[in-house]
Amino acid sequence: MNAGALYQRLVRPFLFSLSPEAAHNLAIRNLRTISSLPSVLRQLERFKPPSKPTSVFGLTFPNPIGLAAGFDKNGVAIPAWAALGFGFVEIGTITAKSQPGNPRPRIFRYPEQQALINRLGFNNDGADVVAARLRVLRESGHWPAIPIGVNLGKSKVTPIEDAVGDYLYSFRLLAALADYIVLNVSSPNTPGLRTLQEHDALEQLLAAIHCENEATRKPILLKIAPDLSLAELEQIISACEQHGIAGIIATNTTLDHSDIPPSRDQTGGLSGRPLREKSTQFVRVITSRSQLPVIASGGITDAASAREKLEAGAQLLQVYTGYVYRGPALLREIAEGL
Ligand SMILES: Cc1cc2nc3c(=O)[nH]c(=O)nc-3n(C[C@H](O)[C@H](O)[C@H](O)COP(=O)(O)O)c2cc1C
């Protein structure tokens with residue numbers, strides 16, 4: 001049985017017999033353990049797609065397919081993701097203060113739609129703990145040869161008017177350890193977070209981070225929501241250009257649940273196949289109006305949806321929900337179809 005069939009016939013049915021969050025935690029626990037076992041890491045490399053290097057915002061990526069934020073929020077399994085063949089990994093969202101997130105259940109599967117809804121609410125260990133973990137990994141010599149991004153958000157207890165200070169706290173701890181930093185202003189599960197995409201708030205945040213980045217000079221990316229109007233999107237693109245943003249991640253999850261049967265709907269952000277077209281449209285708009293590199297995220301579940309993003313102008317891709325449904329063979333399938 002090949003790796004793809006093994007996942008579809010054995011691993012996925014087992015994982016899907018557990019609750020979505022229990023399955024996720026089990027996968028992360030195993031990958032965390034494997035991360036310190038070089039002989040097992042070598043076994044994972046059988047999933048690795050062929051190398052197809054590309055350079056974007058000054059970094060070299062062995063292939064353009066990355067792991068999207070939220071899968072390994074605390075950066076506990078970085079060597080395993082690299083062994084599985086990801087061209088880059090984005091950890092986080094990390095907030096200044098550690099926090100438990102929203103009450104469970106908070107992840108929901110929609111297999112017919114190849115979709116998920118989540119309202120996790122940035123459950124994470126906090127910037128201090130994650131910075132210490134990354135420092136240990138760097139010093140251990142096991143830091144992988146792929147770019148590692150760190151995605152930052154706002155702590156729930158911090159009032160929205162103090163958001164800049166919250167991002168700055170995490171930035172100061174994590175920027176030097178990361179290859180790139182993402183400002184996440186687009187998760188729907190932290191009250192008020194998306195208001196940071198509005199003109200004045202965004203200008204303030206981008207200016208403060210730009211100034212702080214004088215010393216570290218890391219590529220800073222902005223991750224945006226797919227629920228913005230065209231006018232809002234255009235305003236965000238100009239703000240990014242003015243404040244030295246290196247690229248845009250388009251997009252986060254959506255609040256448009258029209259593809260989900262109302263009787264099964266849940267509060268939260270929808271990801272996976274129903275998000276595909278909307279996020280591709282965003283990639284197209286950004287790349288038609290700006291030279292800013294775009295990382296496409298949203299509904300990449302096979303080679304065709306990956307190609308669609310690149311044809312829309314994206315330079316890099318990220319997967320989350322597609323990986324849950326398709327497993328590690330997805331990377332090779334995408335890479336071979338490019
Ligand atoms: C369970 C879950 C948790 C997520 N957590 C985060 C997060 O912490 N930060 C973030 O920027 N995006 C988060 N996302 C959004 C993904 O990174 C991605 O942008 C989105 O799901 C669209 O890609 P997909 O259709 O391939 O899943 C999460 C998505 C899921 C499904």
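Keep in mind it's a predicted model, so treat the numbers as computed, not measured. By convention here, the first residue in the shown sequence is residue 1. Every number for a ligand or one of its atoms is a count from 1 in the order of the listing.
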Taking [atom] as the reference point, the nearest protein heavy atom with its distance:
| atom | answer |
| --- | --- |
| atom 13 (C) of ligand 1 | Ala69 O, 3.2 Å |
| atom 15 (C) of ligand 1 | Asn252 OD1, 3.5 Å |
| atom 8 (O) of ligand 1 | Lys73 NZ, 2.8 Å |
| atom 21 (O) of ligand 1 | Ser271 CB, 3.2 Å |
| atom 1 (C) of ligand 1 | Tyr320 OH, 3.2 Å |
| atom 9 (N) of ligand 1 | Thr93 OG1, 2.7 Å |
| atom 19 (O) of ligand 1 | Ser297 OG, 2.7 Å |
| atom 27 (O) of ligand 1 | Thr321 OG1, 2.6 Å |

Check ligand 1 against [X] and write out every atom of the ligand that is under 4.0 Å from a heavy-atom position of the residue.
| X | answer |
| --- | --- |
| Gly298 | 22 (C), 23 (O), 25 (O) |
| Leu275 | 22 (C) |
| Asn184 | 9 (N), 10 (C), 11 (O) |
| Leu120 | 1 (C), 3 (C) |
| Gly299 | 24 (P), 25 (O), 26 (O) |

Examine Leu292 and Val285 and state if one hydrophobic cluster contains both, with Ile, Leu, Val, Met, Phe, Trp and Tyr joined whenever side-chain heavy atoms are less than 4.5 Å apart.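 Hydrophobic grouping puts Leu292 with Val285.
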Would you confirm whether [X], through its side chain, and [Y], through its main-chain N or O, come within 3.5 Å as a donor-acceptor pair?
| X | Y | answer |
| --- | --- | --- |
| Asn124 | Lys73 | no |
| Asp227 | Leu255 | yes |
| Gln99 | Lys156 | yes |
| Arg138 | Trp143 | no |

I want to know if ligand 1 touches [X] in the polar sense, i.e. an N/O pair below 3.5 angstrom.
| X | value |
| --- | --- |
| Thr253 | no |
| Ile107 | no |
| Asn151 | yes |

For the pair Arg264 and Glu112, find out whether any cationic side-chain nitrogen is under 4.0 Å from an anionic carboxylate oxygen.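 Looking at Arg264 and Glu112, the cut-off is met.
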Answer yes when Asp265 and Arg119 have at least one side-chain N-carboxylate O distance shorter than 4.0 Å, and no when they do not.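 Result for this pair is no, no salt bridge flagged.
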Between [X] and [Y], is any side-chain donor less than 3.5 angstrom from a side-chain acceptor?
| X | Y | value |
| --- | --- | --- |
| Thr280 | Lys309 | yes |
| Asp256 | Ser258 | yes |
| Ser229 | Glu232 | yes |

With a 6.0 Å cut-off (strictly less than), is the heavy-atom count around CD of Glu241, excluding the residue itself, greater than 12?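 Yes, enclosed.
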Is Thr301 close enough to touch ligand 1? Criterion: a residue heavy atom under 4.0 Å from a ligand atom.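 No, Thr301 has no heavy atoms under 4.0 Å from ligand 1.
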Look at atom 10 (C) of ligand 1 and find which of Arg119, Lys223, Glu90 reaches it with the closest heavy atom.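 That would be Lys223.
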